[in-house]
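In what follows, a structure is listed as structure tokens, so that the remarks can point back to it.
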Amino acid sequence: MQVSDRLLGLTGGGSDGWGLFMKARAMVAEGIAVTELTIGEHDVRTDPAILEAMAQAARAGHTGYAAVPGTPALRAAIAARVQARTVVPTGVENVLVTPGGQAGLFAAHLAACAPGDPALFIDPYYATYPGTLRAGGAVPVAVPARSRDAFQPRAEAIDARAEGAKSLLINTPNNPTGVVYTPQTLAGIAEVCRARDLWLISDEVYDTQVWEGAHVSPRALPGMAERTLVVGSMSKSHAMTGSRIGWIIGPAQAIAPLETLATHTTYGVPGYIQDAALFALSQGAALEARIAAPFKRRRAIAMKLLAAQDVVRLIPAGGAMYLMLDVRSTGLSGKAFAEALLARHRIAVMPGESFGACAAGHLRVAMTVEDDAFAAALQTLIDFAKECAACPATQTAS
Ligand code: PLP
């Protein structure tokens, strides 16, 4: 039997970009000590109090089918959180609870695009984006953002590719670049969306990880609430990656059919997970700040180390748990640098190329190991870059 082209072609025929991560994991499985600065996973686990709330809910019997769009209490809590953070009026009719942000991204694109519709996204991008768009039948169209612009997408570049497109997917704070879009960038994006009648799908899963100033949701910009689908998640904000809980925020006339989609696909999120999420949200911003604090601290460590040299360039790191480093001065591609760093120093970072052509010659560093190990690994990376830049012939010898 033949498997559908849609599934077989999900990654676009190329690699899915996770080769180096898999290699590092294989080394760890063989007993080799590797400092893994690869995936976006906290070095702390879900808070014990959240787990206790989860266990209590399960013991109390919330283990049957749960409300598909989310329990009324959880939807209300999410609506209140969103309204408090954005000042945009938000009720339960604007909220659909999803099994994580990833499922939310997929569903949001089904809402925005018919099969064959072009769907815009920004390069560099979170590695699953093109596949998620293809899975829904849309045709992914990359809009380049440039290192020299600190990876802030330009409105002209979006507009130049917008003909026929139905949606634009953005992500701020951004994975992989660690960049937070400026108010000017967001205003330009909103203008193109209004002029080109695009849905804006705004991936805000890192909204609690903003290192200076506050998160701005483009849904709050003039004329945007009716055309924006915000994807949120508790994976990053509450270290609940394995619980698979997130949401879509949007106009009621989009949320209602998305609920129908959920009925026919996921059938919602387990009730005990929803209850744990409700408990976690009730802990307020203090818990979110505690979860984000290690990344803020490590970003400060990195800025200090990187300021003392001029071989590796840090892209302005405004948020999320990542740093994007420009290593083009070494003469190596991101992939060659990352492979050599792993082979020689047992440090795993993601090649920029895993996140699109625009991040070539860069590295994504996840700040996901404890402070001292992080500082030591970053210093080794810097020293290795200096060595490569000074002596190109020995660069990749391991
Ligand atoms: N969006 C971005 C930018 C991400 O980095 C991730 C996960 O790393 C997700 C969405 C998906 O998150 P989850 O499905 O765990 O909520």
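Order of appearance sets the numbers: ligands from 1, and atoms from 1 within every ligand. All values derive from a computational prediction rather than experimental measurement.
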Numbered atoms of ligand 1 (with element) below 4.0 Å of Ser235, judged on heavy atoms: 13 (P), 15 (O), 16 (O)

Protein contact to atom 9 (C) of ligand 1 [nearest heavy atom, distance to 0.1 Å]: Tyr126 CE2, 3.6 Å

Selection from Asp203, Leu105, Thr132, Val231 by shortest heavy-atom distance to atom 1 (N) of ligand 1: Asp203

Nearest-0.5 Å distance that lies between atom CG in Leu133 and atom OG1 in Thr128: 9.0 Å

His362 ring center within less than 6.0 Å of Phe151 ring center: yes

Side chains of Ile249 and Ile78 in contact at under 4.5 Å (non-hydrogen atoms): yes

Arg161 atom CZ: more than 12 heavy-atom contacts under 6.0 Å: yes

Numbered atoms and elements of ligand 1 in range of Asn175, under 4.0 angstrom, heavy atoms: 3 (C), 4 (C), 5 (O)

Geometric class of the Phe295/His42 ring pair [parallel <30°, tilted 30-60°, perpendicular >60°]: tilted

Ring centre gap for Phe337 and Phe384 strictly below 6.0 Å: yes

Neighbour count >12 (heavy atoms, 6.0 Å) for atom CZ, Phe21: yes

Nearest-option assignment for atom 8 (O) of ligand 1, heavy atoms, candidates Lys236, Met321, Gln102: Lys236

Gly101-ligand 1 polar pair, N/O distance under 3.5 Å: yes

Atom indices of ligand 1 within 4.0 angstrom of Asn171 heavy atoms, with elements: 3 (C)

Contacting atoms of ligand 1, where contact means under 4.0 angstrom from a heavy atom of Ser233: 13 (P), 16 (O)

Which segment of Arg244 sits under 4.0 Å of ligand 1 when only heavy atoms are counted: side chain

N/O separation below 3.5 Å, Tyr129 to ligand 1: no

